[in-house]
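Beneath this line is the structure, given in structure tokens, with notes to follow.
Lettering of chains follows the sequences in order, A, B, ..., and the numbering in each one begins at 1.
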Amino acid sequence: MTGTDLLARIAAVEERIDCGGARHRLGWAAGSLASPDHPDPEGERLLGSLGATRPRCLEMLDAWAAHQDDLRMLTLGPRHAADQVGAHVDAVAAVRTGNFARNVERQRAHERRIPPGVVGGTPRGPFSLEEQEEQLRRHLGLLTLLTLPPSLQHRLMVTVAARQLHRPGEHDAAMTAALVGRARIALRSWAGEGYEVEVRLGKAATVARVGHGVSAELPAEWLVTVWGAELAVVDGHFVCQVLEMGPGTWTVRALAPTGEELELSLGRIGGTEAWTVLRSRR
Amino acid sequence: VDGETYLRLLVERVVDDVAQRPPVDMRDAGSRVSPFMRVSQALVAAGAVDGDVAGAIVSDLTLAVGLRTPHLPDGLEPRTAGPRQPAPMFAAGQRLPPLQRGVRGCEADVEVADGTLHVRYLVVDDNGAQLVGTALQRTGAGGPVGRRPLSGARPAVASSAPSPGLGVTSIRRTIAAGGSVGARAGVARPRPGGGQIPQFDNFTVTDQSGSELDVRNSSVSGGDDGWDLAFRLTPAPSASTTALLFHSKGHDPVRAQLAATVAARVGPVEEVPARERWNAAERYLLASAERSFQWWRRARAHGGVPTPPLEDTAVTALVEVGALAPNSAAITMCQALARAGLGEEPSSGLPDSWASILAHLADDDGHDATVVVGAVLPAIAGREVWVDALTSLPERWALHVFQRPGGWSPPGAGMPGGDLSYAATDDLGGAYVGFMHGGGGGSDGLTMRMAFLPRLDPAAAEVRLELSAAGLRTSVVVPLPWPWGGRG
């Protein structure tokens with residue numbers, strides 16, 4: 001199954017964002033980002049090139065087009081639902097317009113009574129705010145995407161990971177870290193506090209409790225099919241592998257809280273996004 | 001595991017920690033990232049990861065932490081400084097255009113609104129001229145700022161008139177009989193960290209014929225003994241210039257005679273014998289431990305509690321990526337240095353030279369003087385180094401050096417000043433440990449202050465500086481022509 005096929009099985013998301021004084025829809029489905037309230041994006045881009053303000057929805061689409069293969073999205077973005085990452089819309093706008101350093105310096109000078117030209121005791125130079133702003137500008141596209149609601153941030157990260165799955169040898173270190181970091185958090189949540197968790201990238205999905213530790217080997221696909229589908233831990237079970245992706249029900253191989261290996265049928269009930277265990281068997 | 005993967009996995013641990021316990025402020029955020037920097041520096045220094053790759057990872061990490069740190073300006077803290085260009089200091093072998101560079105003594109105490117600017121020497125190179133000095137700030141209301149009349153057991157030297165050719169400026173104090181330290185009054189070296197950098201720029205300069213030179217503050221750098229200032233002079237004084245006059249409002253002009261440098265003796269480049277060689281990881285660890293040693297010592301001196309040896313994380317990383325043998329003698333030496341820095345019995349593991357260093361650490365009878373050196377060393381491992389001056393203080397001393405190629409590395413991507421090691425000994429058998437202590441610059445070169453401990457033996461007649469990198473070393477012997485003849 002290709003990365004695109006996998007993405008098609010993950011639930012679509014639609015959110016509303018501020019755009020030109022209105023609340024516009026921005027949706028993700030099967031790896032693509034779309035703004036249905038801007039039916040003629042090319043026409044609006046043309047207007048933008050003539051001086052009109054570019055709608056924020058289009059900024060998102062353009063930023064996504066530039067960064068859909070950028071693994072930094074996984075480095076910067078949230079690891080789990082409680083990991084709130086927020087690039088402030090105003091700050092990102094200030095970076096875009098070249099006013100970030102000036103704004104921050106003015107704010108700090110006001111707060112700390114530091115004379116202009118000096119920031120926190122650091123003189124102008126390679127580590128000045130101007131230099132930092134330059135650095136932020138290089139991250140501008142990613143920062144723009146990180147102003148989106150968490151559900152969209154998550155789908156964009158999954159898409160980046162899925163696109164990377166079939167390019168082994170490229171950015172292996174970043175993919176390994178993205179997998180290990182997220183799997184370790186999920187395993188810690190499953191095993192409970194006090195367990196030392198070690199995760200490695202491997203071909204098969206194996207998890208073992210050893211004394212007060214958990215040792216796991218997981219394939220890169222886990223990042224898309226399991227973490228990406230938001231079912232890393234379901235009702236206390238750690239999901240190692242997705243066996244079948246049915247229309248409403250997925251079958252997975254998982255570990256019960258006791259460590260027992262089970263085959264589970266998972267589904268979303270009551271119209272919520274949360275998965276639950278429908279059926280289990282040894 | 002390879003170096004890049006090791007670093008990226010460490011990023012995950014730091015971000016996980018920050019997500020669980022968000023930093024409360026910038027300082028807290030920085031403290032979460034700094035151990036990572038140590039590991040990143042170590043891996044770059046050992047050649048386990050490319051400097052640019054490490055810089056990009058550090059940049060991502062600092063931004064990831066910033067995005068999880070509340071209560072920062074605009075909700076987003078930009079602590080992601082990096083270079084505009086790849087760090088050229090790691091581009092060994094890079095061809096550089098020849099640079100003519102000379103130093104002359106130029107001592108003057110210039111009274112300005114903030115206090116006194118103590119000008120030490122003048123550097124003239126192909127890019128122009130720079131006056132280098134130290135800010136001495138007024139410490140109390142009333143009373144003139146400046147040096148006290150010199151008195152004491154040893155003969156004083158009138159600092160306003162250094163002998164041309166002597167190469168020594170600013171004998172600012174004498175040693176009283178019995179070796180006690182005479183007190184300075186009226187002035188103090190303003191310390192960095194107070195938020196405000198002294199300007200010290202409201203004065204003008206003319207040469208001996210009355211031609212005015214434009215003066216612009218070109219750099220400020222700080223160590224914990226004060227701010228070092230540099231001023232660009234335009235046009236650059238010519239070889240026929242013999243003196244500069246400093247004019248400031250409400251004060252008589254101060255004349256500074258331009259003085260020649262001491263006759264330093266530069267040695268050849270030679271290979272470091274195999275038995276004395278460390279690999280890149282070991283060199284990094286030792287340099288890092290020596291730097292930590294000095295910070296621990298200072299922390300203890302100020303009643304602080306030294307942090308645990310930071311090298312531990314670097315050692316773990318270097319061993320994990322296969323850059324360091326688990327039984328390396330460098331690890332033992334680092335542990336011994338940590339014990340010494342923490343005030344414990346260093347026991348075994350330190351080389352003999354450390355016996356001299358540890359024996360004199362508490363001494364504070366060094367001269368307060370500047371020696372204008374002006375030596376250019378032969379290129380070593382692609383690095384060119386000029387030793388401009390040596391500043392001796394009662395409790396330590398420093399070398400002011402210029403190093404090419406310059407450029408900046410992203411934080412955590414390289415050692416400040418590159419991988420050159422500095423060590424020093426004197427003609428009486430004393431040894432000194434040095435580390436970078438302030439500096440700045442750009443792609444044209446780095447101006448750095450290398451601080452050394454313990455204090456420069458006041459009886460020493462010369463000091464030998466050794467620079468080493470990549471299995472090569474060179475040296476320069478700097479005479480110390482103290483006006484009273486050195487020894488005694």
Requested in this report: Report the C-alpha distance between B/Asp16 and A/Arg79 in whole Å, list the side-chain angles of each, state the deciding distance to 0.1 Å, and finish with yes or no for side-chain contact (heavy atoms from CB on, under 4.5 Å).
Outcome: CA-CA 8 Å; B/Asp16 181 24; A/Arg79 269 57 172 175; over 6 Å; no
Taking the side chain as C-beta and beyond, is there a heavy-atom pair between [X] and [Y] under 4.5 Å?
{"X": "B/Arg8", "Y": "A/Val180", "result": "no"}
{"X": "B/Gln20", "Y": "A/Asp83", "result": "no"}
{"X": "A/Leu143", "Y": "B/Leu67", "result": "yes"}

Query raised in the report: Counting only heavy atoms not in A/Arg23, do more than 12 sit closer than 6.0 Å to its CZ atom?
Result: yes
Query raised in the report: Can you say whether A/Arg200 sits under 4.5 Å from chain B via the side chain, the backbone, both, or neither, judging by heavy atoms?
Result: neither
Query raised in the report: Checking heavy atoms, do the side chain of A/Ile185, its backbone, both or neither come under 4.5 Å from chain B?
Result: side chain
Between [atom1] of [X] and [atom2] of [Y], what distance do you get to the nearest 0.5 Å?
{"X": "A/Leu74", "Y": "B/Asp60", "atom1": "CG", "atom2": "CG", "value": "11.0 Å"}
{"X": "A/Arg184", "Y": "B/Arg13", "atom1": "CZ", "atom2": "CZ", "value": "4.0 Å"}
{"X": "A/Asp172", "Y": "B/Thr5", "atom1": "CG", "atom2": "OG1", "value": "7.5 Å"}

Query raised in the report: chain B: which of A/Ala178, A/Pro78, A/Ala177, A/Ala82 shares the most heavy-atom pairs with it under 4.5 Å?
Result: A/Ala177
Report summary line: When every non-hydrogen atom of B/Ala19 is compared with those of A/His80, the smallest separation belongs to CB-NE2, 4.5 Å
